[in-house]
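Remember, predicted model here, so these are calculated numbers, not experimental data.
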Amino acid sequence: MHYDGPIFRPPPEANTILLQVTKGCSHSKCKFCNTFLGTKFKISPMSEIEEDLLEIQSHKPYTNRLFLLGGDAFVLSFDKLKSIAIKIRQYFPGMQTITMYSRIQNIISKSVEELKILNTLGINYLYVGLETGDDATLITQNKGYTSAQAVEQLKKLDEAGIKYMTAYILGAAGKGNGERNALETARFFNQVKPDVIWAMNLMVFPETPLFAELQNGEFVEADELEKLQELKLFVESLETTTELVSVHGSNLLDITGQIPDDKPKMLEKLQKVIDGFDVAEMERLSAMRRL
């Protein structure tokens with residue numbers, strides 16, 4: 001297999017075969033992200049992709065799900081993705097799902113009709129890096145798009161029938177801005193139809209631009225209590241039908257449920273933790289989590 005550079009895949013794809021079609025991230029400018037720092041973006045030639053498909057076929061001939069590697073493999077053009085999907089189906093006629101990471105900008109270049117074609121070829125699930133629906137935070141974290149642009153692109157996925165999971169980073173707006181981040185992000189999601197929203201806490205890595213801002217005081221981290229309060233307000237304000245998952249190594253509290261059905265018990269659990277919040281204990285656990 002032509003695995004080259006950092007290899008990352010979403011937690012739900014732990015048992016999925018990985019096929020490399022790109023290396024690195026085409027953007028690689030988000031202030032909080034260290035995933036592909038120093039990795040030059042590269043598109044795999046079709047010859048390598050086909051060699052890898054042949055190797056997969058020799059070991060797993062009945063494969064029905066593939067994850068296409070790269071920080072945002074959906075950056076590939078419609079024609080390139082169509083060719084890859086057709087090639088995959090030649091080797092695996094029973095292929096059900098071809099999935100990958102996508103940025104909002106990756107969707108802009110593709111029409112709804114093109115997205116529908118990709119869907120029929122098996123590209124029917126994407127992991128979209130959103131992180132926040134708050135325009136101020138999108139700017140400060142250098143995401144490269146506005147919330148209105150993101151809504152427009154996710155509505156295209158909804159119309160094309162392509163399901164997607166997207167992340168929400170608690171604390172991304174910094175100390176004192178959790179309420180705004182929660183309300184704006186809930187307002188954002190209430191306009192679209194995500195299959196899953198994965199909530200996680202902001203983690204500031206030493207080699208990132210955000211860490212430099214943290215060191216010089218331009219950015220101040222929200223504490224654990226504020227992030228819990230942000231999550232509670234987000235759940236209260238979320239009205240779209242989706243699954244909310246808050247199970248991540250960065251989180252001190254794991255909650256998962258269907259919105260709106262499980263909202264009451266999720267809020268009850270959050271309120272109980274907030275009411276009994278022990279600052280010293282939470283900071284101790286938070287410090288242990290960072291080790």
Side-chain angles (χ1 to χ4, degrees), residues 1-28 33-129 153-154 156-157 160-167 195-196 198:
M1 300 295 290
H2 292 87
Y3 294 142
D4 180 23
I7 304 298
F8 290 91
R9 51 94 183 130
E13 305 298 335
N15 298 314
T16 304
I17 294 176
L18 312 178
L19 175 68
Q20 184 158 326
V21 299
T22 63
K23 172 185 175 182
C25 173
S26 68
H27 182 66
S28 202
C33 185
N34 71 339
T35 306
F36 295 102
L37 285 177
T39 301
K40 185 177 180 180
F41 179 76
K42 173 187 172 184
I43 297 174
S44 302
M46 186 62 82
S47 58
E48 289 186 0
I49 294 172
E50 190 160 8
E51 287 174 12
D52 288 349
L53 287 171
L54 185 61
E55 184 173 345
I56 295 169
Q57 185 189 55
S58 67
H59 294 283
K60 299 284 186 179
Y62 301 108
T63 295
N64 60 17
R65 187 181 183 97
L66 283 175
F67 181 82
L68 305 189
L69 283 173
D72 59 336
F74 205 64
V75 71
L76 296 176
S77 68
F78 163 73
D79 289 334
K80 180 74 171 179
L81 286 168
K82 179 181 175 182
S83 296
I84 291 172
I86 289 173
K87 186 65 66 176
I88 288 172
R89 296 178 77 85
Q90 288 175 359
Y91 283 90
F92 304 99
M95 183 60 58
Q96 297 176 2
T97 297
I98 303 167
T99 180
M100 68 202 83
Y101 285 125
S102 174
R103 301 190 72 248
I104 291 297
Q105 289 94 328
N106 301 163
I107 308 168
I108 293 175
S109 63
K110 301 169 180 71
S111 69
V112 172
E113 290 308 311
E114 288 174 334
L115 292 170
K116 288 180 178 179
I117 291 171
L118 293 178
N119 187 5
T120 63
L121 291 172
I123 299 177
N124 51 33
Y125 203 100
L126 296 175
Y127 293 89
V128 183
Q153 299 313 309
L154 293 187
K156 285 165 61 176
L157 295 184
I162 295 176
K163 292 184 177 182
Y164 52 93
M165 174 189 289
T166 186
D195 183 50
V196 178
W198 197 292

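For the atom pair OG1 (Thr99) and CG (Leu68), the distance works out to 7.5 Å, reported to the nearest 0.5 Å. The CD atom of Glu55 sits 5.0 Å away from atom NE2 of His59, with the distance rounded to the nearest 0.5 Å. With rounding to the nearest 0.5 angstrom, the CG atom of Leu69 is 11.5 Å from the CD1 atom of Ile17. A distance of 11.0 Å separates CD1 in Ile86 from CD1 in Ile84, rounded to the nearest 0.5 Å. In this structure, CG on Leu154 lies 8.5 Å from OG on Ser102, to the nearest 0.5 angstrom. Atom CG of residue Leu126 and atom CG of residue Asp195 lie 11.5 Å apart, to the nearest 0.5 angstrom.
The closest side-chain heavy-atom distance from Ile49 to Ile88 is not below 4.5 Å. The side-chain heavy atoms of Trp198 and Pro10, taken from C-beta on, include no pair separated by under 4.5 Å. Side-chain contact between Ser26 and Asn106 is present, with heavy atoms from C-beta onward closer than 4.5 Å. Side-chain atoms of Met165 and Tyr125, non-hydrogen and from C-beta on, do get closer than 4.5 Å to each other. For the pair Met100 and Ile123, the minimum side-chain heavy-atom distance is below 4.5 Å. At least one side-chain heavy atom of Ile104 sits less than 4.5 Å from a side-chain heavy atom of Val128.
Listed for the Asn119 side chain is no donor-acceptor partner under 3.5 Å among the backbone atoms of Leu157. Between the Gln20 side chain and the Asp4 main chain, a donor and an acceptor come within less than 3.5 Å of each other. Remark: the backbone N or O of Gly94 is not paired with any side-chain donor or acceptor of Tyr62 at under 3.5 angstrom.
For Arg65 against Met95, the heavy-atom pair with the smallest separation is N-SD, 3.5 Å. Of all non-hydrogen atoms in Leu115 and Ala160, the two that sit nearest each other are CB-CB, 3.5 Å. Shown here for Asp72 and Cys25, the closest heavy-atom pair between the two residues is OD1-CA, 3.6 Å. Annotation for Gly70 and Phe36: closest pair C-CZ, 4.4 Å, computed over non-hydrogen atoms.
By the side chain to side chain donor-acceptor pair (under 3.5 Å) test, Arg9 pairs with no residue at all, sequence neighbours left out. With sequence neighbours excluded, no residue satisfies side chain to side chain donor-acceptor pair (under 3.5 Å) with Tyr101. In this view, Ser83 and Met46 satisfy the side-chain contact (heavy atoms from CB on, under 4.5 Å) rule, not counting sequence neighbours. Judged as a side-chain contact (heavy atoms from CB on, under 4.5 Å), and not counting sequence neighbours, the contacts of Pro45 are Ser47, Glu48. Qualifying side-chain contact (heavy atoms from CB on, under 4.5 Å) partners for Glu50, counting only residues two or more places apart in sequence or in other chains: Lys87, Tyr91. Remark: Thr35 pairs with Phe8, Cys33 by the side-chain contact (heavy atoms from CB on, under 4.5 Å) rule, at least two apart or across chains. Residues meeting the salt bridge (Lys or Arg N to Asp or Glu O under 4.0 Å) test with Glu114, sequence neighbours left out: none. Applying the side chain to side chain donor-acceptor pair (under 3.5 Å) criterion to Gln105, with sequence neighbours excluded, gives Arg103. With sequence neighbours left out, the side chain to side chain donor-acceptor pair (under 3.5 Å) criterion links Thr63 to no other residue. Applying the ring pair (Phe, Tyr, Trp, His ring centres under 6.0 Å) criterion to Tyr164, with sequence neighbours excluded, gives no partner residue. Among residues two or more places apart in sequence or in another chain, the salt bridge (Lys or Arg N to Asp or Glu O under 4.0 Å) test is passed with Lys156 by none.
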In a table with atom names and distances, give each donor-acceptor pair under 3.5 Å that connects a side chain of residues 73-81 to protein atoms at least two apart or in another chain.
unit_1 : atom_1 : unit_2 : atom_2 : d
Ser77  : OG     : Lys80  : N      : 3.1

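Residue-environment remark: NZ (Lys82) stays at or below the threshold of 12 foreign heavy atoms within 6.0 Å.
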